[in-house]
*Asks:* 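Structure below; questions to follow.
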Amino acid sequence: MAKSAVAIQNYIHLNDDDCESRIAEAKRVLGSELVILGHHYQREEVFRFADYSGDSLKLSRQAAASKAKYIVFCGVHFMAEVADILSRPEQMAILPDLAAGCSMADMADLVKVERAWRELGEILDMEQVTPVTYINSAANLKAFCGRHGGIVCTSSNAQAVLKWAFARREKVLFFPDQHLGRNTAYGMGIPLEEMVVWNFNRPNGGLMPDQIRSARIILWQGHCSVHQMFQPEHIDRFLERYPDARIISHPENSFEVCQKSHYVGSTEYIIKTIQESASNTRWLVGTELNLVNRLHERFKGEGKSIHFMSPMVCMCSTMFRTDPQHLAWVLENLVSGQIVNQIKVPEKEVELARLALDRMLEVSI
Ligand code: 13P
Ligand code: SF4
């Protein structure tokens with residue numbers, strides 16, 4: 001009789017130490033058939049098993065380059081979808097906990113984006129509008145961009161992607177993160193008056209035709225629930241106490257927070273900037289807590305003092321869903337030949353989503 005997969009219920013009560021040794025053993029047995037990719041926001045007990053860690057761009061490249069049969073993605077759902085799209089058909093992308101989504105990605109869906117495209121089409125020449133989706137979005141939205149001459153971006157390459165888009169067409173529809181769109185466009189010299197916010201719950205985005213006509217970038221009204229916790233007052237209070245401190249933020253933070261920050265960039269940029277800074281510097285970091293804690297541990301030996309921007313504990317709760325129990329579960333099932341939690345993007349979306357991702361990879365340095 002064919003073996004069936006072992007259920008997660010057999011793992012949820014295991015303690016972390018047991019999981020640790022079982023994960024290590026499963027990794028040893030699977031050898032080069034397996035690669036584990038870990039986003040910087042993963043908790044330490046999982047992150048330590050990543051063969052490659054990185055931000056969304058770096059991990060997309062890693063997924064595209066991997067030869068392993070199984071790509072286990074310790075991250076969130078859209079990342080595993082990207083791994084499936086960019087890998088070869090015989091490879092499998094696996095997400096240890098299927099509930100690890102992204103609340104920002106959920107703020108845009110195909111029905112709403114198609115409606116926006118139709119409504120905009122009654123006012124604008126859509127041959128002059130490029131759809132740009134943040135990688136934090138569903139595969140069918142990446143396919144939408146592929147179909148309409150658009151492109152994907154990450155927080156590492158948003159400026160290069162917008163340059164690409166504006167070199168081709170007059171306007172951009174940017175979704176789902178208004179903050180990444182606004183912060184990036186502003187940094188390129190586009191004034192705030194030439195940006196509008198599209199409220200996806202209202203007809204015509206809640207905008208008048210003239211506002212739409214005079215905008216260069218139409219920003220979807222989405223945001224990250226984690227990064228919205230960081231406030232300009234947190235920076236002011238910290239600088240009153242430590243006037244020499246350096247402030248560094250992720251571009252998913254609000255415009256006001258990014259304007260008050262000395263440095264703004266992706267998770268990979270944040271790590272590199274702090275790593276290359278002089279010893280004995282003090283940093284206030286506006287991004288997810290697990291990464292900031294890791295930076296604190298890593299650099300305290302160099303006398304660098306790393307502080308979290310919010311007085312509240314704000315973690316990405318969906319990134320946090322991937323625990324050692326789920327990782328042990330998917331790996332031991334692989335050892336016994338069972339695939340659980342495979343992420344498979346529908347065939348009809350793969351080609352167009354890949355087109356939009358390939359355009360992005362081409363313009364990224
Ligand atoms: P990066 O990893 O691209 O910096 O993005 C952060 C993030 O929100 C991941 O979802
Ligand atoms: Fe999504 Fe924000 Fe979590 Fe990133 S940090 S995965 S944008 S909810």
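Treat the numbers as computed from the prediction; the structure is a model and nothing was measured. Remember, it's 1-based here, ligands and their atoms both numbered in the order they're listed.
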*Asks:* Considering the heavy atoms of M79, write down every atom of ligand 1 situated less than 4.0 Å from one of them.
*Replies:* 9 (C), 10 (O)
*Asks:* Has R321 got a side-chain atom pairing as donor or acceptor with L98's backbone, closer than 3.5 angstrom?
*Replies:* no
*Asks:* Please determine whether the number of non-hydrogen atoms from other residues, nucleotides or ligands lying under 6.0 Å from atom OH of Y52 exceeds 12.
*Replies:* no
*Asks:* Would you tell me which option among H227, M104, H39, E268 has the nearest heavy-atom contact to atom 9 (C) of ligand 1?
*Replies:* H39
*Asks:* What atoms of ligand 1 come within less than 4.0 Å of a heavy atom belonging to E252?
*Replies:* 6 (C), 7 (C), 8 (O)
*Asks:* Show which atoms of ligand 1 fall inside a sub-4.0 Å distance from at least one heavy-atom site of D55.
*Replies:* 1 (P), 2 (O), 3 (O), 4 (O)
*Asks:* Consider ligand 1: state whether an atom of it lies below 4.0 angstrom from any non-hydrogen atom of S155.
*Replies:* yes
*Asks:* When you measure from the side chain of N183 to the backbone N and O of P251, does any donor-acceptor pair fall under 3.5 Å?
*Replies:* yes
*Asks:* Considering the heavy atoms of Y134, write down every atom of ligand 1 situated less than 4.0 Å from one of them.
*Replies:* 5 (O)
*Asks:* Considering only heavy atoms, which of G101, G75, C224, S103 lies nearest to atom 2 (Fe) of ligand 2?
*Replies:* C224
*Asks:* Taking atom CD of E127 as the centre, report whether more than 12 heavy atoms of other residues, nucleotides or ligands fall under 6.0 Å from it.
*Replies:* no
*Asks:* Checking contacts here: is it the side chain or the backbone of E252 that comes within 4.0 Å of ligand 2, counting heavy atoms only? Could be both or neither.
*Replies:* side chain
*Asks:* For F320 and R43, work out which heavy atoms get closest and say how close.
*Replies:* O-NH2, 2.7 Å
*Asks:* Which ligand 1 atoms, with their elements, are less than 4.0 angstrom from a heavy-atom of T267?
*Replies:* 1 (P), 2 (O), 4 (O)
*Asks:* Under 4.0 Å, heavy atoms only, figure out whether ligand 1 is touched by the backbone of E288, its side chain, both or neither.
*Replies:* neither
*Asks:* For L57, which part has a heavy atom under 4.0 Å from ligand 1: side chain, backbone, both, or neither?
*Replies:* neither
*Asks:* Does C102 bring an N, O or S atom to within less than 2.8 Å of atom 3 (Fe) of ligand 2?
*Replies:* no
*Asks:* Which atoms of ligand 1 sit under 4.0 Å from any heavy atom of S266?
*Replies:* 4 (O)
*Asks:* For ligand 1, is any non-hydrogen atom under 4.0 Å from Y269's backbone (N, CA, C, O), its side chain (CB onward), both, or neither?
*Replies:* neither
*Asks:* Looking only at protein heavy atoms, which one is nearest to atom 10 (O) of ligand 1, and how far off is it?
*Replies:* N136 ND2, 3.1 Å
*Asks:* Do any nitrogen or oxygen atoms of Y41 lie less than 3.5 angstrom from nitrogen or oxygen atoms of ligand 1?
*Replies:* no
*Asks:* Identify the protein heavy atom lying closest to atom 3 (Fe) of ligand 2, giving its residue, its atom name and the separation to 0.1 Å.
*Replies:* C316 SG, 2.3 Å
*Asks:* Go through it in stages, so that I can follow the logic: the residues are T287 and H227, the test is side chain to side chain donor-acceptor pair (under 3.5 Å), and I'd like the CA-CA distance, side-chain angles, deciding distance and then a yes or no.
*Replies:* CA-CA 6 Å; T287 199; H227 289 85; 2.9 Å; yes
*Asks:* Does a sphere of radius 6.0 Å around CD in E194 hold more than 12 heavy atoms from other residues, nucleotides or ligands, not counting ones at 6.0 Å or beyond?
*Replies:* yes
*Asks:* Is the count of non-hydrogen atoms from other residues, nucleotides or ligands lying under 6.0 Å from E347 atom CD greater than 12?
*Replies:* no
*Asks:* Taking the six-membered ring where the residue is Trp, are the ring centres of W283 and F299 under 6.0 Å apart?
*Replies:* no
*Asks:* After noting the C-alpha distance and the side-chain angles of E119 and R115, does the key distance pass the salt bridge (Lys or Arg N to Asp or Glu O under 4.0 Å) rule?
*Replies:* CA-CA 6 Å; E119 291 180 346; R115 194 183 80 195; 3.7 Å; yes
*Asks:* Output the list of atoms in ligand 1 that are nearer than 4.0 Å to some heavy atom of H250, sorted by atom number.
*Replies:* 1 (P), 4 (O), 5 (O), 6 (C)
*Asks:* Determine whether more than 12 heavy atoms belonging to other residues, nucleotides or ligands lie under 6.0 Å from atom CZ of R88.
*Replies:* yes
*Asks:* Compute the shortest N/O to N/O distance between S56 and ligand 1 and return yes if it is under 3.5 Å, no if not.
*Replies:* yes
*Asks:* Please confirm whether R246 makes a cation-pi placement over Y263, using NZ or CZ under 6.0 Å from the six-membered ring centre and within 45° of the ring normal.
*Replies:* no
*Asks:* Which protein heavy atom lies closest to atom 4 (Fe) of ligand 2, and at what distance to 0.1 Å?
*Replies:* N136 ND2, 3.9 Å
